[in-house]
Amino acid sequence: NAGVTQTPKFQVLKTGQSMTLQCAQDMNHNSMYWYRQDPGMGLRLIYYSASEGTTDKGEVPNGYNVSRLNKREFSLRLESAAPSQTSVYFCASRRTGTTTEAFFGQGTRLTVV
Amino acid sequence: TQLLEQSPQFLSIQEGENLTVYCNSSSVFSSLQWYRQEPGEGPVLLVTVVTGGEVKKLKRLTFQFGDARKDSSLHITAAQPGDTGLYLCAGPGSQGNLIFGKGTKLSVKP
């Protein structure tokens with residue numbers, strides 16, 4: 001059972017470089033999320049997709065773009081990386097509903113130098 | 001804006017002690033969830049509480065949802081080193097998103 005798969009697990013970028021973080025889930029979930037986690041800040045929502053074909057901004061969307069490619073895949077793109085985007089990024093998915101369990105990937109540790 | 005505030009931010013205790021961590025908001029939530037996160041891993045769901053005043057037990061962990069559905073607590077009895085981790089509360093946002101608190105980092109020393 002794969003669950004939520006994120007790639008890559010680690011990445012180092014230079015300031016100004018671009019990259020795409022990939023996320024795929026095999027649980028047929030409608031909702032998918034991208035969070036960043038910084039020390040002492042908990043999980044902050046970057047973007048989410050409540051269903052295939054829709055995306056919405058979360059708390060900290062600046063500097064990021066997303067694509068809900070299909071029901072399984074939700075990618076996060078950094079067009080011009082900045083040191084402030086150094087963080088651990090988590091993708092999550094869950095079934096539609098306010099009480100459903102969110103399943104998380106193992107995270108991508110990104111360092112921008 | 002819906003916010004979830006957790007306290008304390010850090011907690012370091014000895015094995016066998018009891019502890020309580022809190023999750024508070026000025027907003028009413030239809031439900032709240034508690035997740036535990038271990039280093040290098042994503043959060044994993046522990047429990048969902050949906051009814052004001054509800055108490056749920058998971059072995060040595062007791063979760064309570066406030067009567068007004070604005071707060072929740074997690075009580076651990078006789079903590080063990082395996083309980084070490086980051087405890088996060090989460091609640092549904094008004095637009096289909098999922099809001100997290102900043103977490104309580106628990107360290108249980110043998």
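Worth knowing before you read on, the calculation uses all heavy atoms, side chains too, and leaves out hydrogens, waters and symmetry mates. Chain naming here is simple, since letters A, B, ... match the order of the sequence lines and numbering starts at 1 in each.
Between the side chains of B/Arg60 and B/Thr77, no donor-acceptor pair is found at a separation under 3.5 Å. For the residue pair A/Lys71 / A/Asn30, a side-chain donor-acceptor distance below 3.5 Å is found, with atom types taken as modelled. With no hydrogens or angles considered, no side-chain donor-acceptor pair links B/Asp83 and B/Gln80 at under 3.5 Å. Side-chain contact of A/Arg77 with A/Ser18: a donor-acceptor pair under 3.5 Å is present, judged by distance alone.
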inquiry  = Let's go through B/Tyr35 and B/Gln37 carefully: what are the C-alpha distance in whole Å and the side-chain angles of both, what is the deciding distance for side-chain hydrogen bond (donor to acceptor under 3.5 Å, both in side chains) to 0.1 Å, and is it a yes or a no?
reply    = CA-CA 7 Å; B/Tyr35 289 80; B/Gln37 183 180 20; over 6 Å; no
**OP:** Check the pair B/Trp34, B/Val21 against side-chain contact (heavy atoms from CB on, under 4.5 Å), reporting the backbone distance first and the verdict last.
**Re:** CA-CA 11 Å; B/Trp34 285 91; B/Val21 298; 4.0 Å; yes
TODO: Please lay out, stage by stage, how A/Thr55 and A/Phe74 fare under the test side-chain contact (heavy atoms from CB on, under 4.5 Å).
DONE: CA-CA 10 Å; A/Thr55 60; A/Phe74 188 38; 4.0 Å; yes
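Looking at B/Gln9, only its side chain comes within 4.5 Å of chain A, counting heavy atoms on both sides. Only the side chain of A/Leu45 comes within contact range of chain B, with heavy atoms under 4.5 Å apart. Using a 4.5 Å cut-off between heavy atoms, A/Thr100 contacts chain B through its backbone alone, with no side-chain atom that close. Contacts between A/Arg94 and chain B at a heavy-atom distance below 4.5 Å involve the side chain alone, from C-beta outward. With a 4.5 angstrom heavy-atom cutoff, B/Leu45 touches chain A via backbone and side-chain atoms both. Neither the backbone nor the side chain of B/Gln6 has a heavy atom closer than 4.5 Å to any heavy atom of chain A. Using a 4.5 Å cut-off between heavy atoms, A/Ala102 touches chain B through backbone and side chain atoms alike. In this structure, no portion of A/Phe103 lies under 4.5 Å from any heavy atom of chain B.
Proximity of the aromatic rings of A/Tyr64 and A/Tyr47 is defined here by a centroid distance below 6.0 angstrom, and this criterion is not met.
For the set B/Thr48, B/Leu32, B/Leu98, B/Ile99, the count of heavy-atom pairs under 4.5 angstrom toward chain A peaks at B/Leu98. If you tally non-hydrogen atom pairs under 4.5 Å between each of B/Gly101, B/Gly42, B/Pro43 and chain A, the highest count goes to B/Pro43. Chosen from A/Met41, A/Gln6, A/Glu101, the residue pairing most often with chain B at heavy-atom distances under 4.5 Å is A/Glu101.
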